[in-house]
Number of protein chains: 2
Amino acid sequence: MTTITDVARAAGVSPATVSRVFNGGRVTPERAARVRRAAAELGFEPNRVAQSLRKQRGSVIGLLIPDIENPFFTSLARGVEDAAQQTGLSVVLCNTDEDIDKERRYLGIALAEQMAGVIVAAASRTQTDLSPLAARGMPAVAVDRRPRGALVDAVLVDNQYGGEAATEHLLRARYRRIACVTGPEGASTSEERLAGYRSALRDALADGTLTPEDGDDPLTAYVRYADFKVGGGRAAMTDLLSMERPPDAVFVANNLMAVGALEVLREAGVTPPEFGVLSFGGVPWAGLVRPSLTTVELPSYELGFTAAKLLQERIAGSDKALQTVVLRTGLSVRDSTGGPERLPAPSPPG
Amino acid sequence: MTTITDVARAAGVSPATVSRVFNGGRVTPERAARVRRAAAELGFEPNRVAQSLRKQRGSVIGLLIPDIENPFFTSLARGVEDAAQQTGLSVVLCNTDEDIDKERRYLGIALAEQMAGVIVAAASRTQTDLSPLAARGMPAVAVDRRPRGALVDAVLVDNQYGGEAATEHLLRARYRRIACVTGPEGASTSEERLAGYRSALRDALADGTLTPEDGDDPLTAYVRYADFKVGGGRAAMTDLLSMERPPDAVFVANNLMAVGALEVLREAGVTPPEFGVLSFGGVPWAGLVRPSLTTVELPSYELGFTAAKLLQERIAGSDKALQTVVLRTGLSVRDSTGGPERLPAPSPPG
DNA sequence: GTTCTCTTTGAAATCGATTTCAGATCTGGG
DNA sequence: CCCAGATCTGAAATCGATTTCAAAGAGAAC
């Protein structure tokens, strides 16, 4: 491997000069040219490990995500990658598997490897602890989920608004017993989406669109907590269908659980849009799902891109006040929420 | 940050002794205990950057994959991660996007960061160049795709056998005009799967199962090359359907293209199993696709796991002869290849 | 008691870059 | 022609670990 010393020798200068050539120090043009030529001839590339050690900061940023198999996060990862590439940082992806210990381990690695910074989609709102990073001055940005009390920039989506819009849409489509399958208790995303759902129901109760049935609390009876995975969606949906008075629509608070819910519905012979289904977050290969699925669209790529930009500012030394950027969701209305009445079949094409 | 020197001072020993305690040198038990206690109290964690610099080798392995959004590769990545975790290595994921330049850049980073080794699913069989790694003694393992002439261990699937089995299955199901949508020319996986398809057709022609129609070469007429992505599958399928004498079944050489093909078929009102569809590699959320899809099952997780194990051996210094491990595929027969005749509908459950 | 061996220890070199500091060179002004 | 100030340059320190080497100490054999 050719080192800076080799280049220096070849160019007849000192290593310090070589370093200056590549890091923008003052060097006479003639010498600089000699150094560059020598470096090119020898195929010199600075050893990043040595650089990191000396500068006390690497050129890699860590991206901790809870589920690499969820396309939402892979898309987010691409956003981060694209933004990072623009400034020569590289991204390493760490899959925490929604597991607090794995997450802690990866945070430790980030510190030990002296990464330039980290972007974290926290495994838990209450347990994820970013303070060791802060203690060592490593910049961090929370994305998608905001861990409690962490003093970091955050890029989030407007979960409450999205949940509200989704539920309102179902109400407008004349569904009246709308269930909500949300994520784990304690995850900020779960709670906020659920809050949106409840807020929409409360409004509907207030203006008479929805009339309370006796017995259960209408804001709670149809709510189920699950785990943001396909299996959890299946279990929750099965449970809802077995109710004495089952729902006629469901708002599922994440894409994978929506897949699970759809599977269960299909197996039970219950099909949208008679039974309304609305997913928070796009489902992959949505084109294959019939009827097509109404979704709350999440700006996953932008989430990642924005987070990376923010992180870069911090790495560059910005000490602006902490920011929280909230990105808006959008509602893509498709066939699965057409309304509970059986509609006339569309005439076949051609 | 607490360094080895701090610990040494706290324990009243030299840094060398502290290092020995953690790296298995000979130290008297009493001292070792003192060192451990001091380290624990100070929360000492060795600085990996310094370690890497000194040892000339890091504790991170790079995994270069061409498409992070293909669940085949994310599953493979998990295999790598699980295997790596067992020996304290961490994995960083690099998405090359089937792009030779991005791939080259990441290989450069792997070298500059002194990674312990790399696992590569090559972006191109002909252009991917692993020789810089070899030149610097960095261990590498090829996975899924074998770059031409690279002197590295490889873990592959038996593509030809899988393609053959798939095509034979379609023939047995009495499809007679079987198309093949394969990947880019030049990718080893494309070529081998296509070769399997052709070999099965040749056998069928030889034993009379299949009779050549006049005009086109039966081994070529129904073959289309595409790009291993959804869009490519769509285009190829559209093209096939527009033929004067369209096929009655298709063997699609990767999962994403199968999704594209299914979309086109659905839009055209052509449905399996009258039109047979067989995908090489599982389709995500297969449960939502109706009719269910017959697939060649790929051991993606095992592929990654095995590759990581192999790499670890090399990192540990093994100089065994180069190995190529070939893992078998399996055929999961489902509804989409039930045969071209319209079958009586199954009686409803219950 | 002396010598020899074996274990344990710490001082110092090392990895490859960056950066400080002080000296050398150059410039322009007086 | 000399000097102040600006500009360049290289020697050496530094980052935090590992590892070599030599010395000190312990123990055994005679």
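Per chain, numbering begins at 1; letters A, B, ... match sequence-line order.
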- Query: Roughly how many Å is it from CD in Q56(B) to P in dA13(C), rounded to a whole number?
  - Reply: 19 Å
- Query: Does a side chain donor of either Q114(A) or K55(A) reach within less than 3.5 Å of an acceptor in the other side chain?
  - Reply: no
- Query: Is there a side-chain polar atom (N or O) of S19(B) under 4.0 Å from OP1 or OP2 of dT18(D)?
  - Reply: yes
- Kindly point out which of dT9(C), dT7(D), dA17(C) is positioned nearest to the side chain of T3(A)? dA17(C)
- Contact class for R48(B) (heavy atom, under 4.0 Å): base, sugar-phosphate, or nothing? nothing
- Task: Check whether any side-chain N or O of Q114(B) sits under 4.0 Å from OP1 or OP2 of dG16(C), and answer yes or no.
- Result: no
- Message: So F22(B), base contact, sugar-phosphate only, or nothing? Heavy-atom distance under 4.0 Å.
- Response: nothing
- Message: dT7(D), OP1 or OP2 - any side-chain N/O from T28(A) closer than 4.0 Å?
- Response: no
- Query: V49(A) near the nucleic acid: base, sugar-phosphate alone, or nothing, with a heavy-atom cut-off under 4.0 Å?
  - Reply: nothing
- Are any non-hydrogen side-chain atoms of L298(B) and L303(B) less than 4.5 angstrom apart? no
- Give the rounded distance in Å between these two atoms: CD of E30(B) and C1' of dT9(C). 13 Å
- Message: Can you tell me which nucleotide in dG10(D), dG16(D), dA17(C) comes closest to the side chain of P46(A)?
- Response: dA17(C)
- Item | Salt bridge present between E30(B) and R34(B) (N-O < 4.0 angstrom) | yes
- Value in whole Å for how far the C1' atom of dG16(D) lies from CD of E113(A): 14 Å
- Are any of the side-chain heavy atoms of Y301(A) and F72(A) separated by less than 4.5 Å? no
- Query: Between K55(B) (NZ) and dC15(D) (P), how many Å, whole number?
  - Reply: 21 Å
- Message: Nearest to the side chain of I4(A), heavy atoms from C-beta on, is which of dG10(C), dA17(C), dA17(D)?
- Response: dA17(C)
- Report yes if a side-chain nitrogen or oxygen of Q51(A) is closer than 4.0 Å to either non-bridging phosphate oxygen (OP1 or OP2) of dG16(C); otherwise report no. no
- Item | Rounded interatomic separation in angstrom, taking CZ from R20(A) and C1' from dT20(C) | 10 Å
- Query: What nucleic acid atoms does V18(A) come within less than 4.0 Å of, heavy atoms only: base, sugar-phosphate, or nothing?
  - Reply: nothing
- Message: Can you tell whether the side chains of R314(B) and D319(B) come within less than 4.0 Å, N to carboxylate O?
- Response: no
- Can you tell which of dC8(D), dT9(C), dG16(D) lies closest to the side chain of V27(B)? dT9(C)
- Query: Between atom CG in L53(A) and atom C1' in dT19(C), what is the gap in whole Å?
  - Reply: 13 Å
- Query: Does N23(B) make a side-chain N or O approach to OP1 or OP2 of dT18(D) shorter than 4.0 Å?
  - Reply: yes
- Message: Is there a side-chain contact between T17(A) and the phosphate of dG10(D), meaning an N or O under 4.0 Å from OP1 or OP2?
- Response: yes
- Does L64(A) reach the side chain of I119(A), with side-chain heavy atoms less than 4.5 Å apart? no
- Query: Taking atom types as they are modelled, is there a donor-acceptor pair under 3.5 Å from the base of dT14(D) to the side chain of R54(A)?
  - Reply: yes
- Message: How many whole angstroms separate atom CZ of R26(B) from atom P of dG25(D)?
- Response: 20 Å
- Provide, to the nearest angstrom, the distance between the CZ atom belonging to R57(B) and the P atom belonging to dT18(D). 14 Å
